[in-house]
Every structure is written in structure tokens, then in C-alpha cells.
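What follows is one structure encoded as C-alpha cells, with my remarks underneath.
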Amino acid sequence: MWQCRGVTFLADALQLPHGSSWANRLALAPLTNTQSNDDGTLSDDEHDWLVARGRGGFGKVTTCAAYVDPAGQAWRGQLGVASDDHLPGLTRLAGSLRATGTRCAVQLHHGGRRADSALTGQALRAPWDDPKTGAVALSTGEVEAMVQSFVEAAVRSELAGFDGVEVHGAHGYLIGQFLDPRHERTDRYGGSLENRMRPLMEVLDGIRSATGPDFQVALRLTPEGNGITVAEGRETTREVLASGLLDCLDLSLWDVFMRPRGAVDAGAGEGLLIDHFTDLPRHGVGLGVAGLVQSAADAAWCLAKGVDFVTVGVGAILHHDFAARAIADPDFRVRERPVTRDVLRAEHVGPAFIDYLAAGWDDLVRIPPAGEPGPSGRCEAGARD
Ligand SMILES: Cc1cc2nc3c(=O)[nH]c(=O)nc-3n(C[C@H](O)[C@H](O)[C@H](O)COP(=O)(O)O)c2cc1C
């Protein structure tokens with residue numbers, strides 16, 4: 001074990017307002033892996049991919065974005081948490097993950113205008129009519145029903161034995177589409193920031209009311225991008241941290257070292273994007289960041305910047321035991337890319353996931369020799385803005 005410059009160490013346990021503490025400050029990022037069965041039930045490959053990360057020392061393991069309503073499915077092979085038919089697989093997964101000592105959560109997702117109508121067989125639905133995609137605005141009653149589907153999915157996750165859920169409010173999917181101020185709706189779910197946050201707050205409130213006192217409720221937000229300015233991202237963050245509904249908040253930065261891309265308020269300084277959020281009152285909520293953390297030093301840098309935990313995506317694809325290695329060795333850095341399919345297979349990444357990575361991340365998987373079937377698919381990973 002080693003110590004970083006700040007007062008918090010990677011190996012420190014993290015106690016949140018509800019439930020059992022995490023063993024350390026490293027969380028597996030939600031990673032779409034397209035390994036589920038066509039009906040959204042868990043496959044062995046998806047089970048093994050996640051359980052290996054639990055064994056690999058992560059304090060928390062979150063599933064990929066899992067659809068809460070079949071109408072919100074965005075990828076072939078996406079995990080479902082929309083029906084009791086999904087329960088047996090989820091129950092098996094929760095049991096295996098908990099046996100590794102990690103805390104575990106399901107990421108709750110609805111694609112909205114970015115769902116895949118070819119998969120769902122339904123018209124796309126969004127907060128507003130969207131000529132670009134053909135999505136049709138949800139009525140007020142349909143928004144209420146959508147909120148309920150998130151709550152029911154959380155109850156299902158608790159029943160399956162997960163420690164908690166993470167609401168996917170990032171990357172411009174349905175919850176994030178409501179937050180986007182560039183579009184209009186005129187009922188209580190549109191217009192002011194308070195109104196645009198209402199679906200999110202109703203989801204969080206509904207989950208908190210419908211689940212037990214030990215259930216950990218997390219949220220993922222895009223603090224800048226997808227139409228959200230730093231000023232609005234900051235206001236949204238301030239509100240959710242103060243809501244009394246959350247255990248942790250993960251800010252999806254895509255690059256923890258980046259500067260804001262857009263204008264910031266006068267007097268906000270020249271800081272990095274992360275600096276615009278770490279000073280907000282947390283009210284006991286754990287604050288995390290994700291984006292290009294590729295070494296023990298990167299993760300320690302985030303903690304020294306003042307966050308409570310660090311979320312790791314690609315690094316955890318390359319090393320199932322990124323967490324254990326980073327805690328044990330201050331010089332640990334991920335292997336060079338691209339890597340072969342064999343390396344990924346040895347890290348418990350299944351063939352469907354490898355194909356998906358090869359399609360979306362040209363520097364990750366070594367280009368297959370001519371003749372090998374090419375990958376296909378659309379990528380959550382492509383949703384950087
Ligand atoms: C293959 C892949 C799949 C992803 N799937 C999801 C997802 O299901 N939900 C989500 O919130 N973010 C998703 N992301 C974003 C990651 O969680 C993470 O925030 C991002 O990759 C940046 O962290 P990293 O640089 O450590 O990978 C995905 C990223 C990748 C590379």
C-alpha cells in the first residue's frame with residue numbers, strides 16, 4: 001500500500017450516507033459491453049466481465065447502462081432491468097459481485113431520442129419533438145410514467161440484491177435531454193432549470209422513497225457538454241448534492257485534466273473543469289470523477305484535487321485488477337495500446353465486447369488480420385459531447 005500527497009488515499013474506505021462502506025476509492029465505470037442476450041437478460045460473458053472487476057479490487061462495480069423501459073433500449077446486447085424476466089440474471093450477478101467484497105449497482109438508463117427504434121420497434125420519444133431524429137415529445141403523463149419506470153427498475157435492482165443504483169443523467173440520454181436548455185417544452189418539465197431538473201429529481205425522490213434505508217442512490221452527470229454550460233452544470237450539481245437524496249455523484253468529464261470548453265462565470269478563475277465542482281458543499285455525498293485515469297498517479301491526483309472517489313473505464317478494460325494494482329503500486333500505469341484480442345480475453349473481456357471496442361475505439365484493439373469478421377455497432381463511447 002502507498003500514500004498520495006493529499007489527505008485521502010486510494011486504499012481508504014468510503015462511507016456514504018446509506019449502506020455499507022466501499023473498501024477503497026476506486027470505482028468501475030459503467031461500460032456498455034453489448035454482451036447481454038437479445039432479451040436483455042444477463043449472459044455468462046457479462047457476468048464474468050463484471051465479477052472479474054470485483055475480484056480485481058474495485059470498491060464499487062456498476063453495470064453498463066441498463067434500460068429501464070424497452071422503449072429506451074439503445075444498443076443491441078444491452079442489459080435490461082425493465083422486467084421481472086431480468087431478475088434471475090441480475091440476482092445471480094449481484095450475488096457473485098457481493099461475494100467479491102465490492103459494492104455493486106445497476107446503472108439505470110433510457111436512451112430517449114438516442115434509443116434505437118430498429119431495436120425497440122417503437123417511435124423514438126424525447127422531451128421535445130426532434131426533427132433530426134424524428135423523436136416525438138413525451139406528454140406530461142408519459143414523463144410521469146417514465147419516472148415510474150426508473151423507480152421500478154431501482155426496486156427490481158434492490159430485490160436482486162444490488163447495494164444500489166446509479167441514475168444515468170449524463171451523455172445526452174433521456175434524463176440529460178431534459179437538462180439540455182436548447183429545447184423547449186411548456187409543461188412543468190420544461191423551461192427553467194428547476195423544471196428541466198424535475199424529471200431527475202422525481203426519479204431520485206421516487207427511488208429513495210421506494211427503497212430501503214441501506215440502498216445507495218448514485219447519479220451520473222455531464223457537468224459540461226450536451227448543451228449544458230459550466231454555470232448550469234454547477235447549479236445542477238449544487239442542487240443534487242443538497243437534495244438529501246443521493247449517496248454519490250459521478251461527474252463524467254471524459255478527461256479529468258481538461259479545461260472547460262465553454263465560457264465560465266467572471267471570477268470563476270482559470271481552473272480545470274474539475275475545479276468548478278470540488279468546492280461545492282457536499283452534505284456527505286461522495287463526489288467522483290471519470291475520464292482518462294490511466295495510472296495510480298492519475299487516480300491519486302484526482303483525490304488530491306478533492307474528490308472522494310475515482311471512476312475508471314478503459315483502464316479497467318485493460319486490467320481487470322486496475323484497482324488492486326493502483327493501490328499496491330504508485331508507479332502502476334496501464335499497458336500500451338492497442339492490445340490484442342488475446343490480451344483482452346485474458347482480462348475477461350468477451351468476444352462481443354471486443355468487437356464493440358474495435359468498432360468504437362480504434363486505438364484500443366489491434367486491427368484484426370484481413371479475413372477476420374469486422375465489428376459493427378453503435379457506441380455509447382461515441383457520446384463524448
Ligand atoms: C466502451 C465504453 C462503454 C461505455 N459505456 C458507458 C455506459 O454504459 N454508461 C456510462 O455512463 N458511460 C459509459 N462510458 C463512459 C465511461 O463510463 C467513462 O466515463 C469514460 O470511458 C471515461 O473514462 P475512462 O477514460 O477511464 O475510460 C463508456 C465508455 C466506454 C469506453
Side-chain angles (χ1 to χ4, degrees), residues 26-36 40 46 49-50 53 58 60-68 72-81 105-111 114-115 165-176 218-226 248-258 273-274 288-296 298-299 301-302 307 309-319 322-323 326 333-334 337-339 344 347 349-350 352-365 375 377-385:
L26 289 160
L28 176 72
L31 290 164
T32 290
N33 54 83
T34 67
Q35 297 187 116
S36 291
E46 187 153 24
W49 139 257
L50 287 168
R53 272 67 202 165
F58 283 95
K60 184 191 186 188
V61 167
T62 302
T63 68
C64 65
Y67 60 87
V68 298
Q73 183 177 357
W75 305 279
R76 184 173 296 286
Q78 186 175 1
L79 185 67
V81 60
V106 178
Q107 191 186 43
L108 306 183
H109 172 258
H110 189 305
R114 298 182 55 208
V165 287
E166 177 177 273
V167 174
H168 195 340
H171 306 169
Y173 296 106
L174 187 57
I175 299 284
L219 170 65
R220 195 158 219 227
L221 282 179
T222 291
E224 184 192 29
N226 301 107
C248 57
L249 172 67
D250 190 28
L251 297 178
S252 177
L253 303 179
W254 290 106
D255 176 356
V256 296
F257 307 106
M258 74 184 281
L273 186 54
I274 191 174
V289 284
L292 290 186
V293 171
Q294 301 186 67
S295 67
D298 292 345
W301 179 89
C302 294
V307 299
F309 66 95
V310 184
T311 302
V312 182
V314 170
I317 296 173
L318 293 168
H319 299 270
F322 179 109
R333 164 162 284 281
V334 297
R337 300 183 265 176
V339 295
L344 290 171
E347 294 294 339
V349 181
F353 193 6
I354 296 175
D355 285 348
Y356 180 69
L357 293 169
W361 294 82
D362 25 57
D363 69 331
L364 197 52
V365 185
R378 303 184 317 136
C379 304
E380 140 88 41
R384 289 181 183 231
D385 186 69

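Quantities reported herein were computed from a predicted structural model and do not represent experimental measurements. Atoms within a ligand are numbered from 1 in the order they appear, just like the ligands themselves. The chain is numbered in sequence order, starting from 1.
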Heavy atom to [atom], shortest distance: which of [options] holds it?
atom: atom 15 (C) of ligand 1; options: Y173, W254, F353; value: W254
atom: atom 9 (N) of ligand 1; options: Q294, H109, Q107; value: Q107
atom: atom 23 (O) of ligand 1; options: S252, P30, G291; value: G291

Check your understanding: Does Y173 have R114 sitting over its ring (NZ/CZ under 6.0 Å from centre, angle to axis within 45°)?
Key ->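 The answer is yes, since R114 meets both limits relative to Y173.
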
With only distance considered, is [X] within less than 3.5 Å of ligand 1 through an N or O on each side?
X: A65; answer: yes
X: A29; answer: no
X: V312; answer: no
X: C64; answer: no
X: W361; answer: no
X: A290; answer: no
X: T32; answer: yes

With a 4.5 Å heavy-atom cut-off, do [X] and [Y] have their side chains touching?
X: R220; Y: L249; answer: no
X: L253; Y: I274; answer: yes
X: Q35; Y: W49; answer: yes
X: P338; Y: V365; answer: no
X: V310; Y: C302; answer: yes

Check your understanding: With a cut-off of 4.0 Å, which atoms of ligand 1 are near a heavy atom of R220?
Key ->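 Taking each heavy atom of R220 in turn, ligand 1 has 10 (C), 11 (O), 12 (N), 15 (C), 16 (C), 17 (O), 18 (C), 19 (O) under 4.0 Å.
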
Point to revise | For ligand 1, the portion of L357 having any non-hydrogen atom under 4.0 Å away | key: side chain

Review point. Counting heavy atoms only, which part of H168 comes closer than 4.0 Å to ligand 1: side chain, backbone, both or neither?
Key: side chain

Review point. For the rings on W301 and F257, is their centre-to-centre separation under 6.0 Å?
Key: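 Here the rings of F257 and W301 have centres that are less than 6.0 Å from each other.
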
Review point. With a cut-off of 6.0 Å (strictly less than), are more than 12 heavy atoms of other residues, nucleotides or ligands near CZ of R337?
Key: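 Count over threshold, so yes.
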
Review point. Are E166 and Q107 close enough that a side-chain donor and a side-chain acceptor fall under 3.5 Å?
Key: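 Yes, Q107 and E166 have a side-chain donor paired with an acceptor closer than 3.5 Å.
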
